[in-house]
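This chain uses plain numbering: 1 for the first residue, then up along the sequence.
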Amino acid sequence: MCGICGFSPSIGQEEDRQLIETMKLYLRHRGPDGEGSYFSKECVLGHRRLSIIDLETGNQPMPNEDKTVWIVFNGEIYNYRYLWKELEIHGHRFLSHHSDTEMIIHGYEEWGTEVFAKLNGIFAVAIWDSRKDSLILARDHIGVKPLYYTISKNRLIFASEPKAILCYPDIKIDINAEQVVNYFFFRAPVHPDTMFKGIKKLSPGSFMIWDTAAKTCKESTYWKPMATIDMDLSEKECLEKVEQLLSDSVQGQLISDVPLGIFLSGGVDSSLIAAKIIEAGAENVEGFVISIGGNHDEGFWSDKVANHLGVTNNKLRVNGRDFLETLNQWAFFNDDPVSDPSALALFLLSRFAKEQGKKVMLSGEGGDELFAGYNSYLRFVVLHAANKIPFGSSLLCNLMHLLKRDSYREQDYMRIKDKYWRFLGTSHTSSFKLLSYILKNDIKPFEIISDSLERYGENSGSPLSRACIFDQRLRLPDDILVRTDRATMAAGIEARVPLLDYRLIEFANSIPQKIMLKGFQLKHIPKQLALKVFSRDVILRKKMGFDLPLKDWLQGALADNLRAYIRERKLPFINYKNMEELLTRFFQGDDEYVDFIWSYLLLEQWYGLWCRDSIPEPQSFNYATVKH
């Protein structure tokens with residue numbers, strides 16, 4: 001894993017060197033093992049390296065043989081050895097020992113931009129082709145690795161994180177009000193936009209070509225999750241194929257020249273991956289889990305899984321003070337804000353794993369979105385069925401309201417059902433009504449959310465597959481994977497996600513609803529596979545999740561922060577009179593919108609740190625700034 005950055009065309013010799021060095025400084029946490037730069041009149045590239053594979057000869061930027069093509073690359077390619085052999089058959093000769101970076105550059109020479117669809121891995125890549133005066137940016141299939149860019153005064157600037165773009169002197173820092181709506185609704189800005197007006201995220205499964213001479217760019221999609229339901233599949237075939245694909249994915253992702261471990265929560269996904277690691281014959285693999293005590297502590301189940309597999313388990317015990325002390329540090333890395341509170345836990349656990357000598361960690365991200373692990377999917381399937389009965393959905397929503405079970409979600413579904421019937425996302429943590437109340441009148445939440453639903457919704461397949469695919473297209477690349485990348489890379493750790501091998505995604509999206517949700521059991525397929533290894537009490541227990549005591553924090557240690565934000569009234573789009581009324585009710589005991597208030601707190605924190613005349617200096621953000 002690494003940090004990459006650059007711009008095209010160049011500015012001037014001295015300015016180029018100063019700017020690229022500053023950009024690399026803002027990414028040094030992503031690559032503490034080395035750095036490099038490439039300079040020409042048409043393009044400047046920068047790289048910070050976290051050494052994982054080919055420790056001796058994998059330095060970047062890396063050229064082809066005649067130095068007409070240069071690459072900076074963040075990620076890992078798991079099928080690089082297969083493609084390496086194929087390229088050798090085509091006559092390519094390699095200078096490094098086994099660098100996946102060099103394989104990509106030869107692959108680009110052989111196949112052009114078609115190379116990206118051939119790569120099985122996690123990647124963000126920039127390729128400068130001096131023969132065509134073109135800079136090519138590309139991301140992996142599902143968006144594990146980030147890549148941001150902007151165009152300013154006919155110049156393309158890109159980086160692994162927004163902060164490295166913000167240090168470019170001509171960037172005007174301005175908030176994107178529309179993405180505030182998406183942030184409150186989905187916990188994150190929705191690609192291709194960010195919370196910064198003018199800064200974009202390259203979409204997952206896509207590449208972009210910047211023509212330096214013409215000053216134009218064109219983005220193309222090479223892959224995206226699709227519903228391809230195969231009604232002829234049997235449950236036995238599904239189980240066999242998923243197990244074969246997962247085993248192959250885990251085997252490929254064990255490639256490393258440095259120590260690796262696994263984030264082992266003791267849930268279905270991480271336990272299944274851990275079992276496959278042992279099955280693959282990996283040695284000295286250790287588990288890591290965070291322990292917070294109380295009803296949502298993962299330590300007990302993690303230890304049970306580790307003991308069953310014979311894996312050493314490392315437990316980090318933390319308390320509320322540890323989380324709150326980390327909050328200000330996290331704001332520096334959370335520069336395009338994501339409000340998922342579990343990011344703090346992963347941030348702490350990643351630093352702990354790094355202290356124990358790990359550079360690579362496998363994680364269970366994606367299992368819920370591929371194999372229907374959330375109650376929100378079941379809710380959508382039931383609502384969809386009720387909607388086919390006259391007044392059925394209305395009666396069901398009224399019943400949910402009487403039972404006080406997330407009634408605002410059902411109300412939102414009723415709001416959109418006459419326009420179209422869409423899944424509103426698992427991260428549905430706010431409501432149209434609340435957003436209209438809290439945001440100023442010139443912001444239209446319903447229209448903005450409707451656009452996101454239209455853009456990333458799936459029109460074919462079963463209700464369940466449409467719900468899962470929506471989360472694969474939006475929640476994974478904009479929330480879950482962003483959180484994981486930032487929290488791990490802030491500690492200089494590479495996170496690998498075996499369940500998000502694109503072949504596994506494609507097959508999961510072909511499984512019929514009757515098998516995926518057999519007996520209304522969420523995550524039926526992975527659970528059946530895990531039961532071959534673990535006992536029923538481990539696998540069939542109620543989904544725990546990682547719930548932090550947000551209400552206690554917000555009403556306790558963070559209450560003064562919230563009151564100060566209300567007094568200062570900095571955010572230009574918030575109706576502070578209504579926000580103050582909401583907080584008053586919250587402090588009096590109304591806890592319906594705890595998640596919203598947490599998101600609001602992080603947004604105020606983000607705005608105070610990043611939306612001003614100066615931006616924080618690299619890793620010294622508490623006291624030092626650099627001026628625009």
Aromatic ring proximity, centroids under 6.0 angstrom, His191 and Tyr148: no

Side-chain ion pair, Arg503 and Asp248, N-O less than 4.0 Å: yes

is_close_aromatic(Phe196, Trp606), centroid dist under 6.0 Å: yes

Taking every non-hydrogen atom, the tightest pair across Gly267 and Ser271: O-OG, 2.6 Å

Atom CG of Asp66: over 12 foreign heavy atoms under 6.0 Å: yes

Close side-chain approach of Phe7 and Met23, heavy atoms under 4.5 Å: yes

Candidate pair Arg473 and Glu458, rule salt bridge (Lys or Arg N to Asp or Glu O under 4.0 Å), full reasoning: CA-CA 9 Å; Arg473 291 177 179 175; Glu458 173 62 48; 2.5 Å; yes

Minimum heavy-atom distance Ile4-Leu27, with the two atoms named: O-CD1, 3.4 Å

Any side-chain donor near an acceptor of the partner, Trp610 and Gln605, under 3.5 Å: no

Parallel, tilted or perpendicular: rings of His98 and Tyr80 (30°, 60°): parallel

Distance-only side-chain donor-acceptor flag, Ser452 / Asn182, under 3.5 Å: yes

Sub-6.0 Å ring centroid separation between His141 and Phe116: no

Salt bridge flag under 4.0 Å for residues Glu494 and Lys359: no

Pairwise side-chain contact, Cys2 with Phe73, heavy-atom cut-off 4.5 Å (strictly under): no

Salt bridge (Lys or Arg N to Asp or Glu O under 4.0 Å) between Arg475 and Glu369, intermediate numbers included: CA-CA 9 Å; Arg475 190 182 192 219; Glu369 291 78 11; 3.4 Å; yes

Leu349 CG to Lys354 NZ distance, which is reported to the nearest 0.5 Å: 14.0 Å

Ion pair check, Glu243 and Lys276, cut-off under 4.0 Å: yes

Heavy-atom pair of closest approach, residues Met62 and Ile105: O-CD1, 3.4 Å

Spatial distance of atom CG (Leu83) from atom NE2 (His92) [nearest 0.5 Å]: 11.5 Å

Thr194: which of Asp478, Ile199, Thr150, Asp335 passes side chain to side chain contact (heavy atoms under 4.5 Å, CB included): Ile199

Salt-bridge present (Lys215, Asp211; N to O < 4.0 Å): no

Thr221 and Ser206 side chains, donor-acceptor separation under 3.5 Å: no

Trace of the side-chain hydrogen bond (donor to acceptor under 3.5 Å, both in side chains) decision for Glu286 with Asn314: CA-CA 7 Å; Glu286 300 179 18; Asn314 299 274; 2.8 Å; yes

Ala227 versus Ile469, closest heavy-atom pair with distance: N-CD1, 3.2 Å

Side-chain donor-acceptor contact under 3.5 Å, Glu35 with His47: no

Contacts of Ser249 that satisfy side chain to side chain contact (heavy atoms under 4.5 Å, CB included) - sequence neighbours left out: Gln253, Pro498, Asp501

Any residue meeting salt bridge (Lys or Arg N to Asp or Glu O under 4.0 Å) with Glu161, in chain and number order, not counting sequence neighbours: Arg30, Lys163

Side-chain donor-acceptor contact under 3.5 Å, Ser8 with Thr212: yes

Donor-acceptor under 3.5 Å (Lys201 side chain, Tyr149 main chain): no

Least distance between heavy atoms, Cys217 atom then Trp210 atom: CB-CE3, 3.8 Å

Flag, side chain of Ser130 to backbone of Thr68, donor-acceptor distance under 3.5 Å: yes

Criterion side-chain hydrogen bond (donor to acceptor under 3.5 Å, both in side chains) on Asn64 and Glu102, from CA distance to verdict: CA-CA 8 Å; Asn64 64 348; Glu102 188 180 14; over 6 Å; no

Check: Arg139 side chain, Gly143 main-chain N or O, donor-acceptor pair, under 3.5 Å: yes

Gap between atom CD of Glu365 and atom CG of Leu499 - 0.5 Å precision: 9.5 Å

Polar contact flag, side-chain donor to acceptor under 3.5 angstrom, Ser37-Lys24: yes

Contact check, side chains of Ile77 and Met103, non-hydrogen atoms, under 4.5 Å: yes

Interatomic distance, Ser256 atom OG to Leu362 atom CG [nearest 0.5 angstrom]: 9.5 Å

Side chains of Thr484 and Leu346 in contact at under 4.5 Å (non-hydrogen atoms): yes

Residues Asp170, Lys153: salt bridge by 4.0 Å N-O rule: yes

Pairwise side-chain contact, Thr113 with Ser220, heavy-atom cut-off 4.5 Å (strictly under): no

CD/Gln244: more than 12 non-hydrogen atoms of other groups inside 6.0 Å: yes

Side chains of Val69 and Pro63 in contact at under 4.5 Å (non-hydrogen atoms): no

Validation row: Ile505, Leu500 side chains within 4.5 angstrom (heavy atoms): yes

Distance (rounded to the nearest 0.5 Å) between Met489 CE and Ser160 OG: 8.0 Å

Point-to-point distance, once rounded to the nearest 0.5 Å, from CG of Leu156 to CG of Leu137: 6.0 Å

Side-chain donor/acceptor of Asp140 to backbone N/O of Lys145, under 3.5 Å: yes

Asp129 and Ser134: CA distance, side-chain angles, deciding distance, side-chain hydrogen bond (donor to acceptor under 3.5 Å, both in side chains) verdict: CA-CA 5 Å; Asp129 189 340; Ser134 295; over 6 Å; no

Stepwise side-chain hydrogen bond (donor to acceptor under 3.5 Å, both in side chains) check, Asp471 with Thr426: CA-CA 7 Å; Asp471 273 354; Thr426 299; 2.4 Å; yes

Ring centres under 6.0 angstrom apart (Phe347, Phe333): yes

pair Pro146-Asn74: side-chain heavy atoms closer than 4.5 Å: yes

Cation-aromatic face contact Arg17/Phe39, 6.0 Å, 45 degrees: yes

Salt bridge flag under 4.0 Å for residues Glu219 and Lys200: no

Expected output: side-chain Asn334 to main-chain Val338 donor-acceptor under 3.5 Å: yes

Heavy-atom pair of closest approach, residues Leu254 and Ala280: CD1-CB, 3.7 Å

Any donor-acceptor pair under 3.5 Å from Ser99 side chain to Ser96 backbone: no

Test item: Arg351 side-chain N/O and Thr488 main-chain N/O as donor-acceptor pair under 3.5 Å: no

